[in-house]
Amino acid sequence: MSDLTDSLSTHTPMHAIDLIRRKRDRGTLTEAEIRFLVTGAASETIPLEQLAAWLMAAWLNGLAPEEIRALTVAMRDSGVKFSPARLGKVAVDKHSTGGVGDKTSFLVAPLAAACGVVVPMISGRALGHTGGTLDKLEAIPGYRTALTLEEFEAVLVKCGASIVSQTPALVPADRVLYALRDRTGTVESPGLICASILSKKLAAGLDALVLDVKTGSGAFMRKREDAEYLAALMVATAEAAGTRTVALMTDMSQPLGAKAGNWIELVESVELLRGERKAESEDLRELSLILAGWMVYLGGQAETPEAGYERAEAAMADGSGLRMLMEMIAAQGGDVAVFDDPGFHKPGATRLVEAWETGYIAAMDTTMLGWAVQRLGAGREKAGEPVDAHAGIHFHARRGALVEKGQPLATLYATRESMLAEPVALLRQAITFSGNPPEGVPLVSRLFTRGEAEAYLGGSL
Ligand code: URA
């Protein structure tokens with residue numbers, strides 16, 4: 001390259017419009033161009049309409065492996081990086097690709113912390129049809145998710161676990177792009193999901209990470225091969241960035257546990273941590289113990305994942321997991337007394353839906369059920385809107401259950417009476433009855449370690 005061309009290419013200004021048009025026309029952006037977009041998102045200097053257009057182009061045309069890697073790293077670097085080394089414990093976290101009734105964070109974070117690892121968890125809000133860990137926690141009066149780094153560290157020192165949001169300092173690019181994807185139909189893209197999740201996890205400075213990659217009717221990646229690709233992509237990308245990572249592919253062909261919403265999901269989690277067992281919550285209990293077992297194992301506190309499971313189960317049985325969760329909530333300003341107040345749950349309107357046929361529940365369109373939950377008031381129409389802490393659905397029957405016509409199927413909680421009609425219609429559309437029971441689906445169907453992820457991708461990353 002001549003001196004003139006060299007100086008022209010280094011000094012040519014970038015324009016978001018050029019990068020949108022290139023992605024629209026199926027081109028590939030360079031690392032510097034991706035960094036330009038991410039920096040512009042974080043500093044809010046690129047207008048939201050241009051970011052939204054680029055996201056849609058990326059959703060439609062896909063991202064090349066090198067673009068995904070560049071996006072992940074640029075988003076991680078968009079803010080400060082937390083350094084858990086000072087905490088003197090191995091830092092391990094779990095992150096899910098998103099589901100309905102997916103509340104394992106409230107169990108795994110305190111259980112793993114009770115077993116001796118530290119869990120610095122940067123989470124998200126409701127995204128598309130799925131619920132958000134932060135929205136659920138904010139159902140607790142006073143709970144603060146936007147902590148400073150100093151506050152985050154202080155909670156981790158005191159409680160061993162802290163669940164916080166992205167902030168203008170911590171992964172600010174994900175803060176902006178996440179909220180934008182939620183409102184623009186650009187969630188279900190492997191590259192965008194990978195960068196969103198891993199930017200948060202890598203910014204938290206983790207030693208190890210357990211990914212819960214959902215598959216089935218309520219997952220962003222509904223098809224098995226798409227979920228496998230996402231799992232392999234995330235494991236290989238996180239490992240390349242220096243974080244030991246495994247991914248478990250888990251079932252989302254029905255809501256996890258019996259409750260989906262905000263406050264009601266916390267209640268179901270706390271019941272399990274209190275040692276209360278109900279058939280309707282057994283899948284949630286089992287998956288949480290498996291995930292926590294992997295966290296404890298990767299954190300060096302057990303010889304095997306199975307031994308980690310046993311340690312997590314012991315922390316559930318002796319109440320130390322519950323204590324950890326309550327300490328964390330109190331340390332982040334939350335009023336723990338609400339967990340003992342049966343009058344706290346005050347939905348604006350309640351409706352019981354009964355089975356309209358006799359038969360086996362053969363299939364659930366869990367994405368549609370997720371939209372029903374969001375439209376009861378648990379999710380938002382516009383970025384930044386408040387959500388209803390008390391909206392949600394309590395499912396009284398699971399996939400495979402034989403139900404009689406007229407038997408209670410679900411209780412819906414809405415912000416107000418006028419918001420019930422659409423979710424009731426969605427629920428009726430989402431559930432299919434049959435004269436025969438459906439085939440069972442395993443809770444965990446596949447594990448990806450680094451070796452398996454790299455073999456799956458065949459050197460394409
Ligand atoms: N969780 C995230 O943090 N981001 C996604 O894109 C999906 C799930």
Side-chain angles (χ1 to χ4, degrees), residues 38 41-42 51-52 54-56 58-59 62-63 67-68 71-72 74-76 78-79 93-106 108-109 119-137 145-146 163-167 170-204 206 209-216 218-222 226-227 229-231 233-235 237-238 243 245 247-250 252 256 260 265 291 366-367 370 374 379-380 383:
V38 167
L51 293 172
W54 185 81
L55 286 170
M56 185 55 88
W59 192 100
L63 292 167
E67 289 179 304
I68 298 172
L71 186 62
T72 305
M75 286 172 67
R76 173 198 68 189
S78 65
D93 194 5
K94 178 268 347 169
H95 201 97
S96 149
T97 55
V100 179
D102 182 9
K103 53 192 93 63
T104 64
S105 294
F106 308 129
V108 304
V119 187
M121 187 182 280
I122 307 174
S123 264
R125 300 192 174 278
L127 187 65
H129 69 279
T130 70
T133 298
L134 302 172
D135 294 323
K136 296 169 198 176
L137 282 168
T145 56
I163 306 181
V164 298
S165 61
Q166 319 96 320
T167 66
L170 201 54
V171 267
D174 188 56
R175 178 170 166 265
V176 172
L177 296 176
Y178 189 100
L180 204 48
R181 286 169 59 221
D182 180 47
R183 301 310 339 138
T184 54
T186 50
V187 175
E188 310 88 338
S189 149
L192 296 177
I193 294 175
C194 172
S196 166
I197 292 181
L198 293 186
S199 60
K200 292 189 278 290
K201 303 297 107 176
L202 299 176
L206 300 176
L209 172 63
V210 179
L211 292 166
D212 177 1
V213 178
K214 303 292 186 194
T215 177
F220 290 131
M221 300 290 113
R222 290 172 81 124
D226 293 341
Y229 171 67
L230 178 61
L233 176 70
M234 288 201 292
V235 170
T237 308
T243 304
T245 303
L248 278 68
M249 280 184 51
T250 75
M252 191 30 74
L256 186 64
E265 290 200 25
L291 294 168
T366 310
T367 293
Q374 299 310 304
R380 41 181 74 74

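Each ligand, and each atom within it, is numbered from 1 in the order the structure gives. Keep in mind that this is a model prediction, so the values were computed, not measured.
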Report task. State whether the side chain of Asp135 and the backbone N or O of Arg125 hold a donor-acceptor pair below 3.5 Å, judged by distance alone. Result ->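 Not confirmed, Asp135 side chain does not pair with Arg125 backbone.
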Query - Ser78: partners by side-chain hydrogen bond (donor to acceptor under 3.5 Å, both in side chains), with sequence neighbours left out - result: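 Scan of Ser78 (side-chain hydrogen bond (donor to acceptor under 3.5 Å, both in side chains), adjacent residues dropped) gives none.
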**Report entry** Qualifying residues under side-chain hydrogen bond (donor to acceptor under 3.5 Å, both in side chains), relative to Ser123, sequence neighbours excluded
**Finding:**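 So Ser123 forms no side-chain hydrogen bond (donor to acceptor under 3.5 Å, both in side chains) with any residue.
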Query raised in the report: In terms of side-chain geometry, is the basic nitrogen of Asp93 or Lys201 positioned less than 4.0 Å from the acidic oxygen of its partner?
Result: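 Looking at Lys201 together with Asp93, the answer is yes, because their closest N to O distance falls below 4.0 Å.
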**Report entry** Any residue meeting ring-ring contact (aromatic ring centres under 6.0 Å, His included) with Phe220, in chain and number order, not counting sequence neighbours
**Finding:**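 Phe220 satisfies ring-ring contact (aromatic ring centres under 6.0 Å, His included) with His129 only.
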For a distance cut-off of 3.5 Å, show me each N or O of ligand 1 paired with any protein N or O, plus the separation.
unit_1, atom_1, unit_2, atom_2, d
ligand 1, 1 (N), His95, NE2, 3.3
ligand 1, 3 (O), His95, NE2, 3.1
ligand 1, 3 (O), Lys200, NZ, 2.6
ligand 1, 4 (N), Ser196, OG, 2.7
ligand 1, 6 (O), Arg181, NH1, 2.9
ligand 1, 6 (O), Arg181, NH2, 2.9

**Report entry** Any side-chain donor near an acceptor of the partner, Thr97 and Lys214, under 3.5 Å
**Finding:**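 Side-chain D/A pair, Thr97 to Lys214: absent.
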